[in-house]
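Since the structure comes first, as structure tokens, the remarks are kept for the end.
What you see is a predicted model; the values in this text were computed from it and never measured. Here is the naming used below: chain letters follow the sequence lines, and residue numbers restart at 1 for every chain.
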There are 2 protein chains.
Amino acid sequence: MKKVTINSVAEYAGVSKKTVSRVLNNEPNVSPATREKVLKVFKELDYKPNPIARGLARNKSFIIGCLYDNPSKSYITRVQSGALEACHKFNYNLLIHPCELRGTELIENVGQLLTTSRLDGLVLTPPFSDSQELIDYLKTQDIPYARVASAIQDDSSISVRSNDEQGAFELTEHLISLGHKEIAFIKGHPDHSATEKRFSGYRNALSKHGIDFNSHLVAEGNFSYHSGADSAKEILDLDPMPTAVFASNDYMAAAVLKLATQRQLKVPEDISIAGFDNAPIARHIWPGLTTIAQPVEEMTRQAVEQLIMQISDPSTEVYQKVLEAKLITRESTASR
Amino acid sequence: MKKVTINSVAEYAGVSKKTVSRVLNNEPNVSPATREKVLKVFKELDYKPNPIARGLARNKSFIIGCLYDNPSKSYITRVQSGALEACHKFNYNLLIHPCELRGTELIENVGQLLTTSRLDGLVLTPPFSDSQELIDYLKTQDIPYARVASAIQDDSSISVRSNDEQGAFELTEHLISLGHKEIAFIKGHPDHSATEKRFSGYRNALSKHGIDFNSHLVAEGNFSYHSGADSAKEILDLDPMPTAVFASNDYMAAAVLKLATQRQLKVPEDISIAGFDNAPIARHIWPGLTTIAQPVEEMTRQAVEQLIMQISDPSTEVYQKVLEAKLITRESTASR
DNA sequence: ATGATATTTGACACCGGTGTCATAATGTCA
DNA sequence: TGACATTATGACACCGGTGTCAAATATCAT
């Protein structure tokens with residue numbers, strides 16, 4: 001199986017390699033006859049351009065990098081799947097790069113990544129999309145990036161997020177409408193902007209319905225199941241015990257449900273539990289968790305698609321979008 | 001910020017670019033003095049070689065592709081994390097490529113991947129690692145690959161798997177030792193070799209302990225939560241109901257647990273439930289699932305590490321390894 | 001000191017494409 | 001038909017490295 005290069009195509013078609021290159025890239029100024037001829041040779045020889053050579057000549061890699069540091073595996077795979085969809089649409093590929101937000105090595109680590117792989121762009125997922133330090137660095141490096149679920153205000157870069165605040169607001173209103181007044185809240189990781197957004201959605205709903213905010217009902221989690229278990233203990237030990245718990249994600253909510261069940265509490269009869277994210281676990285456990293569904297794939301897909309647009313044409317207008325979150329009610333919440 | 005290329009380094013150091021290249025690649029036949037000098041210039045100019053240019057010259061991309069089609073997000077992320085560890089150790093990167101096993105487009109799809117990204121090698125995870133068709137194709141394409149958790153006998157390619165049969169055997173013995181005799185079994189997806197392995201571990205354990213195999217106790221799942229829910233219904237509807245259920249993975253086990261709980265059955269008092277894989281959900285639900293832990297990251301890490309070895313030196317001996325699986329007992333199983 | 005051998009070094013082509021620019025072919029209009 | 005604008009094409013350098021091979025230099029035995 002001999003290698004088919006642009007040279008062999010050119011020779012076979014009886015044109016210069018530059019003309020072949022023109023046809024390859026759909027450039028203008030090629031006569032229809034020539035174009036036809038070259039295209040036919042493409043087919044005949046089954047020619048596939050070498051992306052590495054193209055990359056060298058154009059200083060492009062056709063690879064997008066995806067940064068993440070997230071304990072939720074379902075979130076990660078959803079992000080990946082949205083990103084991949086957009087990449088494949090434009091013949092890009094996706095390189096994944098989990099790393100840690102904390103620690104001085106972050107910038108160094110990302111710098112290393114950029115020099116060793118010549119990415120064409122980066123998708124930042126939480127908590128990286130909220131790291132001002134990283135964003136400042138990327139600006140100096142002159143590499144395009146898109147932010148997913150970021151709360152940072154930056155009109156100069158692509159951003160797609162969902163409305164965490166509205167989601168949390170709706171969920172809280174749902175609990176209130178079921179008659180709950182003592183609603184405990186488990187916060188997420190302080191590095192994630194979603195944490196504050198969800199919290200304020202919760203507070204706003206309380207306030208709208210004239211329920212006093214009580215800081216004793218708030219526990220500090222970090223989105224991990226483990227932290228949810230700790231918070232669950234705090235909350236279920238309260239006297240009087242709240243009648244509902246709203247955890248900032250489903251893993252923590254699952255931890256609350258587990259502890260409640262261990263303690264022979266009936267859910268939702270004795271206590272209502274709600275989460276956020278609509279992770280698979282929300283429907284894999286019994287009772288299923290009432291939660292907020294975010295369009296994670298869609299956010300990432302749009303972000304990456306726009307990123308690629310911007311890479312191919314830097315004058316593209318910067319895209320910024322907020323998608324809606326949706327309340328999903330399951331069995332874990334009921335009127336009291 | 002001016003670009004630092006091999007040419008600028010060569011000029012600055014007063015040597016030819018070929019000599020710089022030799023230093024870069026730790027080639028012999030460079031005098032210690034020259035090497036020192038060049039290394040100093042590397043530091044001074046903060047030189048980073050361009051991987052794309054290297055790739056073109058050596059016809060390498062320094063990228064490994066990872067193929068998967070697996071409903072378990074935790075399995076996927078574990079695979080990725082093991083693969084990444086090996087990749088980063090050798091300055092490779094990882095490109096992920098989920099696709100579907102079924103359908104005639106598989107070969108075409110993979111062929112497309114190979115031509116558009118010039119991967120240096122492929123890691124096949126289940127069910128691809130068991131696809132003889134794919135493996136035959138890869139052989140014709142002359143691209144190195146490594147199989148993870150594959151049951152196919154192929155001495156010519158790297159393979160790292162864990163002992164599914166032994167794991168299932170141990171788990172079944174555990175149930176038997178708790179006094180169970182009617183142990184239902186939910187099979188996995190027929191395309192995965194693990195499905196048969198786990199099944200035969202189950203049968204062997206029964207037979208060793210003189211328990212007759214009863215085909216009515218076997219349900220056909222496919223590793224998805226959904227299929228587990230269907231199988232759960234079949235099994236819990238049996239009369240008499242078995243005293244234990246062994247599902248081929250944790251998602252299906254979770255589905256059994258959910259249905260059992262919905263039906264007011266006490267687990268493990270009324271029925272014991274066990275899974276396989278030690279997925280996060282196994283410890284996120286109550287009661288926690290007794291299961292078998294497989295070293296997924298370690299398998300993939302070893303597979304990719306060996307793959308990279310083989311890429312850099314094709315004469316490397318083909319590595320084949322079987323790792324042990326480990327029984328994890330939690331609250332979902334008890335003596336009857 | 002001399003020739004023989006081993007080590008170090010660099011010139012140059014090459015990997016497979018793309019960008020620039022000059023030139024050839026074609027079209028348009030008076 | 002000639003003068004000029006427009007479109008099509010190719011020669012050649014270049015992207016930033018690596019491979020080949022010959023030349024230059026160092027090492028060694030005699």
Side-chain angles (χ1 to χ4, degrees), chain A residues 1-39 41-42 45-63 91 114-120 311-312, chain B residues 1-39 41-42 45-63 91 114-120 311-312:
Chain A
M1 196 178 58
K2 238 190 71 209
K3 249 191 301 200
V4 181
T5 71
I6 198 171
N7 290 295
S8 47
V9 171
E11 194 177 345
Y12 194 91
V15 298
S16 74
K17 60 193 252 192
K18 179 64 219 191
T19 299
V20 176
S21 167
R22 285 197 182 91
V23 174
L24 207 53
N25 295 288
N26 271 309
E27 284 173 33
N29 299 336
V30 179
S31 75
T34 311
R35 192 181 295 273
E36 277 311 308
K37 186 170 57 178
V38 173
L39 286 173
V41 176
F42 282 176
L45 302 186
D46 191 31
Y47 168 66
K48 312 281 183 194
N50 179 331
I52 299 191
R54 284 184 129 175
L56 179 59
R58 293 209 224 158
N59 198 23
K60 288 197 51 174
S61 63
F62 299 94
I63 296 178
N91 280 312
L114 295 182
T115 52
T116 68
S117 28
R118 301 280 159 141
L119 302 174
D120 288 345
I311 289 166
S312 28
Chain B
M1 196 178 58
K2 239 190 70 207
K3 252 192 298 199
V4 181
T5 72
I6 198 170
N7 290 295
S8 47
V9 171
E11 193 178 345
Y12 194 90
V15 297
S16 75
K17 62 193 250 194
K18 179 64 219 190
T19 299
V20 175
S21 168
R22 281 195 264 261
V23 173
L24 208 53
N25 295 289
N26 271 310
E27 283 173 34
N29 298 335
V30 179
S31 75
T34 311
R35 191 180 298 272
E36 276 311 306
K37 188 169 58 180
V38 172
L39 285 173
V41 176
F42 281 176
L45 302 186
D46 191 31
Y47 169 66
K48 313 280 184 195
N50 180 332
I52 300 191
R54 285 183 128 176
L56 179 58
R58 293 208 223 159
N59 197 23
K60 287 197 50 173
S61 63
F62 300 95
I63 296 178
N91 281 312
L114 295 182
T115 53
T116 67
S117 30
R118 301 281 159 141
L119 302 174
D120 289 344
I311 290 166
S312 26

d(CG, A/N7; P, D/dG10) in whole Å: 13 Å
Main-chain N/O of A/L119 paired with A/S117 side-chain donor or acceptor, under 3.5 Å: no
Sugar-phosphate, base or nothing in reach of B/P51, heavy atoms under 4.0 Å: nothing
A/S21 side chain, from C-beta outward: closest of D/dT18, C/dT18, C/dT9: C/dT18
Atom-pair distance (CG on A/L56; C1' on C/dC15), nearest Å: 9 Å
Residue closer to the 5' end of DNA chain C, B/N29 versus A/E27 (nearest nucleotide): B/N29
Distance, rounded to the nearest Å, where A/K18 contributes NZ and D/dT9 contributes P: 13 Å
Value in whole Å for how far the P atom of C/dC15 lies from CZ of B/R54: 19 Å
Spacing of A/K37 atom NZ relative to D/dG10 atom C1', expressed in whole Å: 13 Å
Rounded distance [0.5 Å steps], CD1 in B/I6 versus CD in B/E11: 13.0 Å
Given C/dT9, C/dG16, D/dA8, the nucleotide with the shortest approach to the side chain of B/V30: C/dT9
Matching residue for A/V23 among A/V41, A/V15, A/V9, A/V38 - test: side chain to side chain contact (heavy atoms under 4.5 Å, CB included): A/V38
Between D/dT18 (P) and B/K60 (NZ): distance, integer Å: 12 Å
Distance below 4.0 Å between B/S16 side-chain N/O and C/dG10 OP1 or OP2: yes
D/dT9 OP1/OP2 closer than 4.0 Å to side-chain N/O of A/T19: no
Value in whole Å for how far the P atom of D/dA8 lies from CZ of A/R35: 9 Å
Sugar-phosphate only, base, or nothing, as touched by B/P28 at under 4.0 Å among non-hydrogen atoms: nothing
Pairwise distance CG(B/L24) to NZ(B/K18) - rounded to 0.5 angstrom: 10.0 Å
A/R22, nearest nucleotide to its side chain (from C/dG17, C/dT9, C/dC21): C/dC21
Touch class at under 4.0 angstrom, heavy-atom based, for B/N59 against every strand present: nothing
Approximate separation, where rounding is to 0.5 Å, of B/T19 OG1 and B/K37 NZ: 9.0 Å
Quiz item: B/K17 side-chain donor-acceptor pair to D/dG16 base, under 3.5 Å: no
Within 6.0 Å of OH in B/Y12, more than 12 heavy atoms from elsewhere: no
Sugar-phosphate, base or nothing in reach of B/N25, heavy atoms under 4.0 Å: sugar-phosphate
Nucleotide nearest A/S31 when distance is taken to its side chain, options C/dG16, D/dT9, D/dG17: D/dT9
Side chain of B/L24 - closest among C/dT9, D/dG17, D/dC15: D/dG17
Whichever of B/A53 and A/V15 has its nearest DNA chain D nucleotide further upstream toward 5': A/V15
Between P of D/dC15 and CZ of B/R58, the distance in whole Å: 20 Å
